[in-house]
Trainee: 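Following this message is one structure expressed as structure tokens.
Computation of the quantities below employed the complete heavy-atom set of this structure, encompassing side-chain atoms and omitting hydrogens, waters and symmetry-equivalent molecules.
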Amino acid sequence: MTETSDTRSDTGEAPEAPRSRLWRLMRYVPLIAPVLLWSVPCWILLHTGQHWPSPVAPIGTALFALGLVGMPLAMAQGHGRRQRDGAAIVGDTLLGGSWVLFTWSVLLGALLRPALAVAGVGDGQDRARIVTWAVLGTTAVLLAWGYAEARRVPRVRRLDVELPRLGAGLDGTRVALITDTHYGPLDRARWSARVCETVNGLEADLVCHTGDIADGTAERRRAQAAPLGTVRANRARVYVTGNHEYYSEAQGWVDLMDELGWEPLRNRHLLLERGGDTLVVAGVDDVTAESSGLAGHRAHLAGALDGADPDLPVLLLAHQPKFVDRAAEHGIDLQLSGHTHGGQIWPFHHLVGLDQPALAGLSRHGTRTLLYTSRGTGFWGPPFRIFAPSEITLLVLRSPRGPAAS
């Protein structure tokens, strides 16, 4: 692996596109979401004809009110200036639990109750109570399963990716991708070590981390990130920043990854050479870097490719899938991204789709550019993954000209 570019990110690049619809919507979420998440299930489960014996409805209503008040307070204590991990765990868990309860209250309230009426099951009170118990049972099962899914070591997803410009000497190049590890309030040092052991078992030529290492500063999460230093690659280990680094002193994470033996590709590239053929491996800072105010942090693709032979195939690391528009304009062959978590907790993927062009898997953009979007290796915030499993990805790069002659 040969380094050929060290262009810094404060060189010129077109400004970031106007803020998306999702960003504009998100401004109002902190005000509206808690009320909806707690009041809608409260109404559907307790006050739509169940006629619960006293004191079920008053106590249940009080519990929902406690969640409505307690969740934002816990999240403010956990993710605000004080950064209290215990409060963050409580707030995040309540957020995930309320989202699942809200979702299934609405779905089963809208679908199951009419179905029971058509089937002639019981009277109005019976049907209302059946819906309540169905919602509570479904929520409990999904949260238990989702917690187990979030905490387990991800399964390895393997796929071949053909790149038309890839030379025969590079056919079979193994690229391992981890991303969105999100080390955070829940101590996952042992999980981190097991993930790294799994990656080592893939015997990859190139290992990539496409950002969102942690929630918290490098100093605060060092113990959880330390196993990344044990990752082995035949050629190189490369890393780019994600948006969450810019909430937590991004330069500290760049420095720690460098200390752990990873190559931070901050708007520059390396060359991977094998069998007489060459692949450009480039990386850019996350698209949120410029607004962070950190000197020298900015997504600058032209700088990342500065000095590279334009006839060579390019593998680009960029945290967010939406960077693929710029990648396609520059004729990038393959972009690797994370960020979406595959939605993490169904059906949140519908909101993610408002902001990103791809949710998970391989997709084509323009005439040449392929994008692989990982569902992420860890989880953000709520410790649940529901219908959006985590992954460690092994991409085997293929040349249309086949393997080099031995």
Side-chain angles (χ1 to χ4, degrees), residues 21-22 25-26 28-29 31-72 92-150 340-356 358-361 375 379 381-390:
R21 290 175 294 167
L22 180 59
L25 176 65
M26 291 296 285
Y28 302 101
V29 166
L31 298 176
I32 300 172
V35 176
L36 291 177
L37 290 177
W38 293 97
S39 63
V40 170
C42 179
W43 176 255
I44 292 175
L45 302 184
L46 297 175
H47 301 288
T48 52
Q50 288 84 355
H51 304 297
W52 296 109
S54 182
V56 173
I59 291 177
T61 302
L63 290 175
F64 277 105
L66 183 62
L68 173 59
V69 175
M71 184 185 77
D92 292 342
T93 302
L94 287 173
L95 175 61
S98 62
W99 171 258
V100 175
L101 188 63
F102 168 84
T103 298
W104 291 95
S105 293
V106 172
L107 287 177
L108 293 178
L111 299 176
L112 180 58
R113 194 162 178 171
L116 293 172
V118 170
V121 176
D123 57 16
Q125 176 179 287
D126 292 334
R127 292 192 289 270
R129 291 189 178 187
I130 289 172
V131 167
T132 294
W133 289 117
V135 169
L136 293 177
T138 300
T139 298
V141 169
L142 288 177
L143 290 178
W145 173 61
Y147 181 78
E149 281 286 300
T340 69
H341 299 207
Q344 186 165 320
I345 303 177
W346 187 89
F348 195 76
H349 65 285
H350 291 300
L351 294 179
V352 176
L354 295 176
D355 189 51
Q356 300 293 334
L359 187 72
R375 290 187 298 256
F379 61 85
F384 308 108
R385 273 188 171 269
I386 298 174
F387 305 131
S390 56

Trainee: Do Ile345 and Phe379 have side-chain heavy atoms sitting under 4.5 Å apart?
Mentor: no

Trainee: Checking side-chain contact (heavy atoms from CB on, under 4.5 Å) against Cys42, which of Thr61, Leu63, Leu37 comes through?
Mentor: Thr61

Trainee: Using a 3.5 Å cut-off and no angle test, enumerate the donor-acceptor pairs between side-chain atoms of residues 102-109 and protein atoms at least two apart in sequence or in another chain.
Mentor:
unit_1, atom_1, unit_2, atom_2, d
Thr103, OG1, Trp99, O, 2.8
Ser105, OG, Leu101, O, 2.6

Trainee: What are the two closest non-hydrogen atoms of His349 and Gly342, and how far apart are they?
Mentor: CB-O, 3.9 Å

Trainee: How long is the gap from CZ on Arg113 to OG1 on Thr48, to the nearest 0.5 Å?
Mentor: 4.5 Å

Trainee: Ring-plane angle category for Trp145 and Phe387, please: parallel below 30°, perpendicular beyond 60°, tilted otherwise.
Mentor: tilted

Trainee: Hey, are the side chains of Arg375 and His341 touching, using non-hydrogen atoms and a 4.5 Å cut-off?
Mentor: no

Trainee: State which residues pass side-chain hydrogen bond (donor to acceptor under 3.5 Å, both in side chains) with Arg127; sequence neighbours excluded, sorted by chain then number.
Mentor: none

Trainee: Could you check whether any side-chain N or O of Glu149 sits under 3.5 Å from a backbone N or O of Phe384, counting only pairs where one atom can act as donor and the other as acceptor?
Mentor: no

Trainee: Does the Thr340 side chain pair with the main chain of Leu359, one donor and one acceptor, at a distance under 3.5 Å?
Mentor: yes

Trainee: Can I get a per-line list of side-chain donor-acceptor pairs under 3.5 Å for residues 132-140, giving both atom names and the distance, sequence neighbours left out?
Mentor:
unit_1, atom_1, unit_2, atom_2, d
Thr132, OG1, Leu45, O, 2.9
Thr132, OG1, Gln50, NE2, 3.1
Thr132, OG1, Ala128, O, 3.2
Thr138, OG1, Ala134, O, 2.8
Thr139, OG1, Val135, O, 2.8

Trainee: Ala57 and Trp52: which non-hydrogen atoms are nearest, and at how many Å?
Mentor: N-CB, 4.4 Å

Trainee: Can you tell me how far apart CG (Leu36) and CG (Leu68) are? Round to the nearest 0.5 Å.
Mentor: 10.0 Å

Trainee: Which atom names give the shortest non-hydrogen contact between Met71 and Ser98, and what distance separates them?
Mentor: SD-OG, 3.8 Å

Trainee: How long is the straight-line distance from CH2 of Trp38 back to CG of Leu66, given to the nearest 0.5 Å?
Mentor: 8.0 Å

Trainee: Looking only at heavy atoms, what is the nearest atom pair of Asp126 and Asp123, with distance?
Mentor: N-OD1, 2.9 Å

Trainee: What pair of heavy atoms forms the shortest contact from Pro58 to Pro55, and how long is it?
Mentor: CD-O, 3.3 Å

